[in-house]
Amino acid sequence: MDKAAVMLNYLKDAPGLDLLAFQFGKVEAGGVTFNTVSSDAVITQYIDGGQQKQFDFAIAVYVDLSDDPYVTDNLTNWCSVQKFGDWIKAQNKNRIFPDFGANCEIDAVRALQDMPSVARSQEENTAKYLYMCRVEYVEYED
(Lines give C-alpha, C1' and ligand atoms only; values in the text may rest on other atoms or scores of the structure.)
Protein backbone atom coordinates (compact mmCIF):
# COMPACT_ATOMS: atom_id res chain seq x y z
CA MET A 1 0.00 0.00 0.00
CA ASP A 2 1.34 3.44 -0.92
CA LYS A 3 1.41 5.21 2.43
CA ALA A 4 2.16 8.61 0.87
CA ALA A 5 -1.05 8.41 -1.19
CA VAL A 6 -2.99 7.32 1.91
CA MET A 7 -1.60 10.27 3.86
CA LEU A 8 -2.45 12.77 1.10
CA ASN A 9 -6.03 11.53 1.18
CA TYR A 10 -6.12 11.62 5.01
CA LEU A 11 -4.81 15.20 5.14
CA LYS A 12 -7.36 16.60 2.67
CA ASP A 13 -9.68 17.40 5.60
CA ALA A 14 -7.03 19.29 7.58
CA PRO A 15 -7.56 23.06 7.91
CA GLY A 16 -5.48 25.20 5.58
CA LEU A 17 -4.35 22.33 3.35
CA ASP A 18 -6.88 22.84 0.57
CA LEU A 19 -4.23 23.06 -2.16
CA LEU A 20 -1.95 20.30 -0.87
CA ALA A 21 0.74 19.27 -3.38
CA PHE A 22 3.04 16.24 -3.21
CA GLN A 23 6.77 17.02 -2.75
CA PHE A 24 6.83 20.05 -5.05
CA GLY A 25 4.46 22.98 -5.16
CA LYS A 26 4.34 26.73 -5.47
CA VAL A 27 6.74 28.59 -3.20
CA GLU A 28 4.36 31.48 -2.79
CA ALA A 29 1.63 32.52 -0.39
CA GLY A 30 -1.03 29.81 -0.38
CA GLY A 31 1.33 27.02 -1.42
CA VAL A 32 1.25 23.85 0.71
CA THR A 33 3.36 20.72 0.20
CA PHE A 34 3.39 17.24 1.68
CA ASN A 35 6.97 15.99 1.85
CA THR A 36 7.98 12.45 2.73
CA VAL A 37 10.85 12.17 5.21
CA SER A 38 11.07 8.45 5.98
CA SER A 39 8.79 5.53 5.27
CA ASP A 40 8.46 2.19 7.00
CA ALA A 41 11.39 2.78 9.36
CA VAL A 42 11.47 -0.30 11.61
CA ILE A 43 11.74 0.64 15.29
CA THR A 44 11.12 -2.76 16.91
CA GLN A 45 10.98 -6.28 15.52
CA TYR A 46 8.59 -8.58 17.44
CA ILE A 47 9.02 -12.35 17.69
CA ASP A 48 5.59 -12.93 16.13
CA GLY A 49 6.81 -11.21 12.93
CA GLY A 50 5.15 -7.87 13.62
CA GLN A 51 7.20 -4.70 13.34
CA GLN A 52 6.78 -1.36 15.10
CA LYS A 53 7.30 1.20 12.34
CA GLN A 54 7.05 4.90 11.69
CA PHE A 55 6.28 7.03 8.67
CA ASP A 56 7.61 10.59 8.93
CA PHE A 57 6.44 13.50 6.81
CA ALA A 58 6.53 17.28 6.75
CA ILE A 59 3.89 19.81 5.83
CA ALA A 60 5.26 23.08 4.43
CA VAL A 61 2.89 26.05 4.31
CA TYR A 62 3.87 29.28 2.54
CA VAL A 63 2.31 32.57 3.62
CA ASP A 64 2.88 36.29 3.05
CA LEU A 65 5.61 37.77 5.25
CA SER A 66 5.64 41.26 6.72
CA ASP A 67 8.88 42.94 7.82
CA ASP A 68 6.87 45.60 9.65
CA PRO A 69 7.14 44.76 13.37
CA TYR A 70 4.03 46.79 14.20
CA VAL A 71 1.47 44.89 12.12
CA THR A 72 -0.14 41.65 13.19
CA ASP A 73 -0.03 39.92 9.78
CA ASN A 74 2.73 37.51 10.82
CA LEU A 75 0.89 36.56 14.01
CA THR A 76 -2.34 36.04 12.08
CA ASN A 77 -0.54 33.80 9.58
CA TRP A 78 1.17 31.81 12.34
CA CYS A 79 -2.18 31.26 14.07
CA SER A 80 -3.75 29.98 10.85
CA VAL A 81 -0.88 27.50 10.35
CA GLN A 82 -1.09 26.45 14.01
CA LYS A 83 -4.61 25.16 13.29
CA PHE A 84 -3.02 22.24 11.43
CA GLY A 85 -1.11 21.21 14.57
CA ASP A 86 -4.30 21.48 16.60
CA TRP A 87 -6.09 19.31 14.03
CA ILE A 88 -3.38 16.63 14.22
CA LYS A 89 -3.64 16.62 18.05
CA ALA A 90 -7.42 16.23 17.84
CA GLN A 91 -7.15 13.41 15.28
CA ASN A 92 -4.71 11.59 17.56
CA LYS A 93 -6.82 12.12 20.68
CA ASN A 94 -9.96 10.88 18.91
CA ARG A 95 -8.03 8.03 17.25
CA ILE A 96 -9.02 9.13 13.76
CA PHE A 97 -6.19 7.61 11.77
CA PRO A 98 -5.31 6.96 8.14
CA ASP A 99 -5.95 3.46 6.81
CA PHE A 100 -2.61 1.74 6.09
CA GLY A 101 -4.39 -1.53 5.33
CA ALA A 102 -5.63 -4.61 7.16
CA ASN A 103 -2.17 -5.71 8.27
CA CYS A 104 -1.35 -2.37 9.96
CA GLU A 105 -2.54 -1.02 13.29
CA ILE A 106 -1.98 2.72 13.77
CA ASP A 107 -0.89 3.70 17.29
CA ALA A 108 -0.56 7.46 16.81
CA VAL A 109 -0.38 10.33 14.35
CA ARG A 110 1.38 13.28 15.86
CA ALA A 111 3.23 16.48 15.16
CA LEU A 112 6.83 16.20 16.36
CA GLN A 113 6.75 19.75 17.68
CA ASP A 114 4.02 21.77 19.37
CA MET A 115 4.27 24.65 16.91
CA PRO A 116 5.49 25.06 13.34
CA SER A 117 9.08 26.01 12.54
CA VAL A 118 9.37 29.17 10.46
CA ALA A 119 11.90 30.49 7.97
CA ARG A 120 11.99 33.06 5.22
CA SER A 121 11.49 31.19 1.97
CA GLN A 122 13.46 31.77 -1.20
CA GLU A 123 10.86 34.30 -2.22
CA GLU A 124 11.61 37.61 -0.47
CA ASN A 125 8.12 38.28 0.94
CA THR A 126 7.11 34.72 1.80
CA ALA A 127 7.49 32.76 5.02
CA LYS A 128 7.70 28.97 5.13
CA TYR A 129 6.08 27.24 8.11
CA LEU A 130 7.05 23.61 8.57
CA TYR A 131 5.40 20.88 10.63
CA MET A 132 7.29 17.61 11.08
CA CYS A 133 4.88 14.73 11.76
CA ARG A 134 4.97 11.00 12.41
CA VAL A 135 2.64 8.06 12.02
CA GLU A 136 3.48 5.27 14.48
CA TYR A 137 2.10 1.84 13.63
CA VAL A 138 2.57 -1.90 13.91
CA GLU A 139 2.67 -3.89 10.70
CA TYR A 140 1.95 -7.61 10.80
CA GLU A 141 3.01 -10.26 8.28
CA ASP A 142 0.40 -11.12 5.67
Side-chain angles (χ1 to χ4, degrees), residues 1-46 48-141:
M1 171 165 297
D2 183 359
K3 292 178 179 68
V6 170
M7 289 308 299
L8 279 170
N9 187 52
Y10 173 75
L11 294 169
K12 71 179 177 4
D13 295 327
L17 304 188
D18 301 332
L19 302 174
L20 186 62
F22 181 70
Q23 304 288 38
F24 301 96
K26 295 186 179 201
V27 181
E28 61 186 31
V32 183
T33 58
F34 169 87
N35 304 285
T36 55
V37 177
S38 70
S39 177
D40 296 329
V42 177
I43 306 306
T44 305
Q45 178 75 43
Y46 300 114
D48 68 356
Q51 297 176 323
Q52 177 72 42
K53 294 184 174 185
Q54 60 192 34
F55 178 92
D56 291 348
F57 63 96
I59 298 294
V61 179
Y62 298 92
V63 298
D64 287 325
L65 170 70
S66 174
D67 286 326
D68 185 343
Y70 303 106
V71 299
T72 59
D73 294 349
N74 293 334
L75 177 59
T76 300
N77 288 334
W78 180 87
C79 288
S80 71
V81 175
Q82 180 66 35
K83 289 178 184 175
F84 171 73
D86 297 339
W87 181 83
I88 285 285
K89 287 178 192 173
Q91 297 296 96
N92 195 54
K93 179 180 178 184
N94 295 319
R95 302 195 55 77
I96 302 170
F97 298 139
D99 182 0
F100 279 5
N103 63 335
C104 288
E105 182 179 318
I106 307 287
D107 295 325
V109 176
R110 67 180 91 241
L112 297 178
Q113 67 239 36
D114 63 353
M115 66 177 64
S117 303
V118 64
R120 187 181 292 266
S121 76
Q122 296 169 348
E123 300 297 320
E124 189 62 28
N125 295 321
T126 307
K128 174 184 177 181
Y129 287 95
L130 189 67
Y131 259 113
M132 298 294 294
C133 301
R134 174 171 291 153
V135 180
E136 299 168 1
Y137 61 100
V138 176
E139 188 167 23
Y140 302 96
E141 291 182 350

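- Scanning both residues, Pro98 and Ile106, for their nearest heavy atoms gives O-CG1, 3.6 Å.
- Closest non-hydrogen pair, Ala111 versus Ile88, comes out as N-CG2, 3.4 Å.
- Rounding to the nearest 0.5 angstrom, the gap separating the CG atom in Leu130 from the CD1 atom in Ile59 is 9.0 Å.
- Contact record, Thr36 with Ala4: CG2-CB, 4.1 Å, taken as the closest heavy-atom pair.
- For the pair Gln91 (side chain) and Ala108 (backbone), a donor-acceptor distance under 3.5 Å is absent.
- Atom-to-atom distance recorded for Asp114:CG and Asp86:CG is 10.0 Å, nearest 0.5 angstrom.
- A search for ring-ring contact (aromatic ring centres under 6.0 Å, His included) contacts involving Phe55 returns nothing, not counting sequence neighbours.
- Val138 and Asp107 make their closest contact through CG2-OD2, 3.7 Å (heavy atoms, listed as atom of the first residue, atom of the second, distance).
- No side-chain heavy atom of Tyr137 sits less than 4.5 Å from a side-chain heavy atom of Gln52.
- Under the 4.5 Å side-chain criterion, counting only non-hydrogen atoms from C-beta, Gln54 is in contact with Ile43.
- At a threshold of 4.5 Å between non-hydrogen side-chain atoms, the residues Asp99 and Phe97 do not count as touching.
- Salt bridge status for Lys53 with Glu136: absent, with no side-chain N to carboxylate O gap under 4.0 Å.
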Between Val135 and Met7, is a side-chain contact (heavy atoms from CB on, under 4.5 Å) present by the stated rule, with each step listed?
-> CA-CA 9 Å; Val135 180; Met7 289 308 299; 3.9 Å; yes
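- For the pairing with Tyr131, the ring-ring contact (aromatic ring centres under 6.0 Å, His included) check across Phe84, Phe57, Trp87 returns one residue only, Phe84.
- Across all their heavy atoms, Lys3 and Glu139 have their closest contact at NZ-OE2, 4.1 Å.
- Contact check for Tyr10 versus Leu8: no side-chain heavy atoms found under the 4.5 Å cut-off.
- Listed by chain and residue number, Arg134 satisfy the salt bridge (Lys or Arg N to Asp or Glu O under 4.0 Å) test with Asp56 (two or more places apart in sequence, or in another chain).
- A donor-acceptor contact shorter than 3.5 Å links the side chain of Asn94 to the backbone of Ala90.
- Between Lys89 and Asn92, every side-chain heavy-atom pair lies at or beyond the 4.5 Å cut-off.
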